[in-house]
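Computation of the quantities below employed the complete heavy-atom set of this structure, encompassing side-chain atoms and omitting hydrogens, waters and symmetry-equivalent molecules. Please read these numbers as outputs of a predicted model, since none were measured by experiment.
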Amino acid sequence: MSGMKKKLLILAMMSTVLLSGCAGALKDGAEALESGDYETAAASFQQAISEKGDREDLAAAYQGLGMADYELGSYADALEAFESAVDNGAKQTVELYNLMGVSAMQTGDYEKGLDYIQAGLALTDTGTDGESDEAGLIQEMEYNEIICMERQADWESAKEKIAAYIEKYPDDEAAQKEAEFLETR
């Protein structure tokens, strides 16, 4: 995930924390996350979860924990935390579903990764023109969708998706190589 996308996610989460008037562990976790101190952030979010605040606070704490775990490379833990965030009413966003999808992919669960990526893509504005901040994220998700299909040996679906992807993003060299690989299947 690019630095800009990560920064936007952190800012969105911090806005939620500050608007809800949260103090203590949740605010500490958000500040640690923003400063890149992911271990401290994870510990603070764990503390906030154990305090059993209202549902909004729990959703924010689980989402923050997921982001900290993701940055620490603990993808199984990140996925579990993101799922708990959704279960507790976190706003379902393209970014959140991308993180869930990538986390699942990193654990080798390409079926679940595909489900989350497709759920995130379903939330996107179909009129994306390549100019918005979300456009790069959508492109990443569309590529990961192909990888998930490929890893599940769903060759026909992967071939259809890569053809559409290359038409949409003709300058993506990695996708060109992926298309060549898929032609051998």
Side-chain angles (χ1 to χ4, degrees), residues 1-18 20 22 24-124 133-134 136-152:
M1 173 175 291
S2 76
M4 178 57 104
K5 291 178 211 165
K6 183 171 64 174
K7 189 84 163 162
L8 289 173
L9 280 172
I10 292 169
L11 288 174
M13 198 200 83
M14 293 222 20
S15 296
T16 301
V17 169
L18 295 175
S20 68
C22 299
L26 193 54
K27 184 177 179 193
D28 293 343
E31 290 171 353
L33 191 62
E34 184 178 31
S35 71
D37 185 355
Y38 303 119
E39 289 182 14
T40 298
S44 294
F45 289 125
Q46 286 283 10
Q47 174 69 33
I49 290 165
S50 71
E51 292 171 0
K52 305 262 190 234
D54 65 26
R55 201 162 177 237
E56 184 178 341
D57 289 351
L58 273 174
Y62 277 118
Q63 189 169 354
L65 178 60
M67 292 170 63
D69 285 338
Y70 183 93
E71 291 298 330
L72 290 167
S74 300
Y75 299 108
D77 293 336
L79 182 56
E80 185 178 329
F82 290 137
E83 290 170 337
S84 292
V86 170
D87 290 345
N88 280 284
K91 183 178 179 189
Q92 296 181 28
T93 64
V94 174
E95 294 85 356
L96 179 58
Y97 278 104
N98 181 57
L99 288 168
M100 292 168 75
V102 171
S103 294
M105 290 172 69
Q106 291 291 332
T107 66
D109 190 343
Y110 293 96
E111 182 177 358
K112 189 180 269 191
L114 180 61
D115 289 344
Y116 286 132
I117 288 167
Q118 289 177 332
L121 287 170
L123 296 174
T124 63
D133 292 335
E134 203 172 75
L137 179 61
I138 293 167
Q139 181 176 354
E140 176 185 326
M141 291 175 76
E142 289 173 342
Y143 185 80
N144 284 338
E145 180 181 33
I146 296 162
I147 299 303
C148 287
M149 290 173 176
E150 181 183 302
R151 293 294 178 109
Q152 294 179 82

Using modelled atom types and a 3.5 Å cut-off, is there a donor and acceptor pairing between side-chain atoms of [X] and backbone atoms of [Y]?
{"X": "Q47", "Y": "A43", "value": "no"}
{"X": "N88", "Y": "S84", "value": "yes"}
{"X": "S74", "Y": "D77", "value": "no"}

Any chance you could measure [X], atom [atom1], to [Y], atom [atom2], to the nearest 0.5 Å?
{"X": "L99", "Y": "Q63", "atom1": "CG", "atom2": "CD", "value": "8.0 Å"}
{"X": "I147", "Y": "E140", "atom1": "CD1", "atom2": "CD", "value": "11.5 Å"}
{"X": "M149", "Y": "Y110", "atom1": "CE", "atom2": "OH", "value": "14.5 Å"}
{"X": "E83", "Y": "Y62", "atom1": "CD", "atom2": "OH", "value": "12.0 Å"}
{"X": "M67", "Y": "E34", "atom1": "CE", "atom2": "CD", "value": "10.0 Å"}
{"X": "L65", "Y": "L58", "atom1": "CG", "atom2": "CG", "value": "11.5 Å"}

Quick one: are [X] and [Y] in side-chain contact, heavy atoms under 4.5 Å?
{"X": "D115", "Y": "M100", "value": "no"}
{"X": "E31", "Y": "D37", "value": "no"}
{"X": "M105", "Y": "I117", "value": "yes"}
{"X": "Y116", "Y": "L79", "value": "yes"}
{"X": "I146", "Y": "E142", "value": "no"}

Ionic contact status for K91 with E56, cut-off 4.0 Å: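 The answer is no: the pair does not qualify as a salt bridge.
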For [X] and [Y], which heavy atoms make the closest approach, and how far apart are they?
{"X": "L137", "Y": "E95", "result": "CD2-CG, 3.6 Å"}
{"X": "A90", "Y": "A59", "result": "N-CB, 3.6 Å"}
{"X": "T93", "Y": "L123", "result": "C-CD1, 3.8 Å"}
{"X": "A61", "Y": "I49", "result": "CB-CG1, 3.6 Å"}
{"X": "A32", "Y": "T40", "result": "CB-CG2, 4.0 Å"}
{"X": "A78", "Y": "S103", "result": "CB-OG, 3.9 Å"}

query: Can you list every ring pair (Phe, Tyr, Trp, His ring centres under 6.0 Å) pair that touches residues 74-96, not counting sequence neighbours?
result: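 Qualifying pairs: Y70-Y75.
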[X] atom [atom1]: more than 12 heavy-atom contacts under 6.0 Å:
{"X": "Q139", "atom1": "CD", "value": "yes"}
{"X": "E39", "atom1": "CD", "value": "no"}
{"X": "E111", "atom1": "CD", "value": "no"}

- request: Please determine which of V102, N98, T124 meets the side-chain contact (heavy atoms from CB on, under 4.5 Å) test together with M141.
  value: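 Among the candidates, only N98 passes.
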